[in-house]
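Read through the structure below, which is laid out as structure tokens, and then see the notes.
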Amino acid sequence: ILVKDTDNGATVRNKGGVIWQDFGNGISAVIMPMDSLGALEQCPAIIRMEANEPPKLMNDTTAMIVGADNAWKADGLLPQAFTGKGVIAAAVDIGFDFTNPAFRNEDGTSRFVWFWDPLAPADGTDEMGVVYSSPESILETECSSDAEIQNHGTYVIGSMAGNGLDGLFVGMAPQADLAGVVLPLEEWEGIDDDFRNIYNANNPESVLPDECWIQLYHSDCTQFVEIYRLFKYADSVNKPCVINSSTGVTSFFDNDYSLLNALFSDLTGPGHIIVASA
């Protein structure tokens, strides 16, 4: 617990506690027996005590806590059951494991229908990285190129739309189709021959040399390109799409980011939903 006192920890020690760290100004991190907290609280030298519950994983109960399990049932209170069926649940994130059992259909095929990995070695198109446009190609590649050092995308997609394992850890929309894009956190370097050839053909005055690098970092610009292409894919298959962003960026409308705000307005609407994780 955090304790603020007036006697430099004397009362804490007298009640069986240990000063773990003295931060100064009378505030300390303290380890106390649970049955001594009540007595400690009554001591005049103790000005304040604060503690909170340790965090715990709740993916096996969250659906019930927020009432999503009720939305899965057409029980007369809703016009239909809402399970995510017919909707694409997508994430702009890092570290995706496509082999996770929560991302499989009953026959073992992948629920992922589209995925863009701009960090993967280019596949000969004029695209950065690789676009996987079928469940078979996504499952065959097994994971995104950053999955050895990241896993957050797996967790987010599982929370959004995983179908669980043995009835546990079911996400909010367990029958949705899945899609996603890797958001580069680290510098991405490289350029493929096709991209160089296209650029050089259009820019004869300033051709790119053979040894040329493009550096791609996480930014609002990168994220908007990825969001735009996710929605374009969803439109091509006539399905609504919900995209989660976990980038932790707080945007306000009192700044000068007029293009960013305009893009948010243009990209969102019926069938185009962007949500930010908390």
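Atom set for the values below is all heavy atoms of this structure, side chains included, hydrogens, waters and symmetry mates excluded. Along the sequence shown, residues carry numbers from 1.
The ring of Y132 has its center no closer than 6.0 angstrom to the ring center of F112. In this structure, F103 has its ring center at least 6.0 angstrom away from the ring center of F96.
More than 12 heavy atoms of other residues, nucleotides or ligands lie within 6.0 Å of CD in Q80, so this atom counts as buried by the packing criterion. Around the CG atom of D7, the shell of radius 6.0 Å holds more than 12 heavy atoms that belong to other residues, nucleotides or ligands.
Put simply, CG on N70 and CG on L77 are 8.0 Å apart, with the number rounded to the nearest 0.5 Å. Here the straight-line distance linking atom CG of L183 with atom CG of L119 works out to 9.0 Å at 0.5 Å rounding. Atom-to-atom distance recorded for I138:CD1 and C143:SG is 12.5 Å, nearest 0.5 angstrom. The distance from atom CZ of R229 to atom CH2 of W114, rounded to the nearest 0.5 Å, is 7.5 Å. The distance from the OG1 atom of T61 to the CZ atom of F169 is 9.5 Å, given to the nearest 0.5 Å. Atom CG of D22 and atom CG of N8 lie 7.0 Å apart (nearest 0.5 Å).
Proximity of V18 to R13: side-chain heavy atoms (C-beta onward) are nowhere separated by under 4.5 Å. Here the side chains of S144 and F115 are in contact, with some heavy-atom distance below 4.5 Å. Side-chain contact between I273 and T268: absent, with no pair of heavy atoms (C-beta onward) separated by less than 4.5 Å. A heavy-atom distance below 4.5 Å is not found between the side chains of Q150 and D93. Side-chain contact check for K15 versus P33: every heavy-atom pair is 4.5 Å or farther apart. Annotation: side chain of V225 is in contact with side chain of W116 (closest heavy-atom distance under 4.5 Å). Between V242 and I88, the closest side-chain pair of non-hydrogen atoms is not below 4.5 Å. Put simply, the side chain of L267 does not reach to within 4.5 Å of the side chain of H272, judged on heavy atoms.
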Next item on the list: Run the numbers on T11 and D5 for side-chain contact (heavy atoms from CB on, under 4.5 Å), then give the verdict.
Entry: CA-CA 8 Å; T11 299; D5 62 24; 5.9 Å; no

Checklist line | side-chain contact (heavy atoms from CB on, under 4.5 Å) between T62 and M172, intermediate numbers included | finding: CA-CA 9 Å; T62 299; M172 301 301 105; 4.1 Å; yes

Check: Between E136 and S110, does a side-chain hydrogen bond (donor to acceptor under 3.5 Å, both in side chains) hold up when you go through it step by step?
Finding: CA-CA 7 Å; E136 293 77 17; S110 178; over 6 Å; no

Item checked: Candidate pair L230 and V181, rule side-chain contact (heavy atoms from CB on, under 4.5 Å), full reasoning -> CA-CA 8 Å; L230 279 166; V181 182; 3.7 Å; yes

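In the hydrophobic clustering of this structure, I27 does not group with I46; members are Ile, Leu, Val, Met, Phe, Trp, Tyr whose side-chain heavy atoms approach within less than 4.5 Å, directly or through other members. Residues L139 and V113 are members of separate hydrophobic clusters, defined by side-chain heavy-atom contacts under 4.5 angstrom among Ile, Leu, Val, Met, Phe, Trp and Tyr. Note: the hydrophobic cluster containing M64 does not contain L78 (ILVMFWY, side chain heavy atoms under 4.5 Å, direct or indirect links). Put simply, F82 and V66 are part of two different groups of oily side chains (I, L, V, M, F, W, Y) that touch within less than 4.5 Å, one to the next. A single hydrophobic cluster is not seen to contain both M34 and I31; linkage of ILVMFWY side chains at heavy-atom distances under 4.5 Å, directly or through other members, places them apart.
Remark: the backbone N or O of S145 is paired with a side-chain donor or acceptor of D117 at under 3.5 angstrom.
Shortest non-hydrogen contact noted between A179 and I157 is O-CD1, 3.8 Å. A pairwise comparison of heavy atoms in C241 and I243 identifies SG-CG1, 3.7 Å as the closest pair. Closest non-hydrogen pair, A161 versus A89, comes out as CB-CB, 3.9 Å. Residues S245 and Q223 come closest through the heavy atom pair OG-OE1, 2.5 Å. Between A102 and R111 the shortest heavy-atom distance is O-NH1, 2.9 Å. Contact detail for S246 and V156: the closest heavy-atom pair is OG-CG2, 3.8 Å.
The stretch residues 24-49 participates, sequence neighbours left out, in these side chain to side chain donor-acceptor pair (under 3.5 Å) pairs: R48-E50. For residues 95-109, every residue pair satisfying the side chain to side chain donor-acceptor pair (under 3.5 Å) rule, not counting sequence neighbours, is listed here: D97-T99, N105-T109, D107-T109.
Scanning for side-chain contact (heavy atoms from CB on, under 4.5 Å) contacts around V170 gives W72, P174, with sequence neighbours left out.
A salt bridge between D177 and K239 is present, with a side-chain N of the basic residue lying under 4.0 Å from a carboxylate O of the acidic one.
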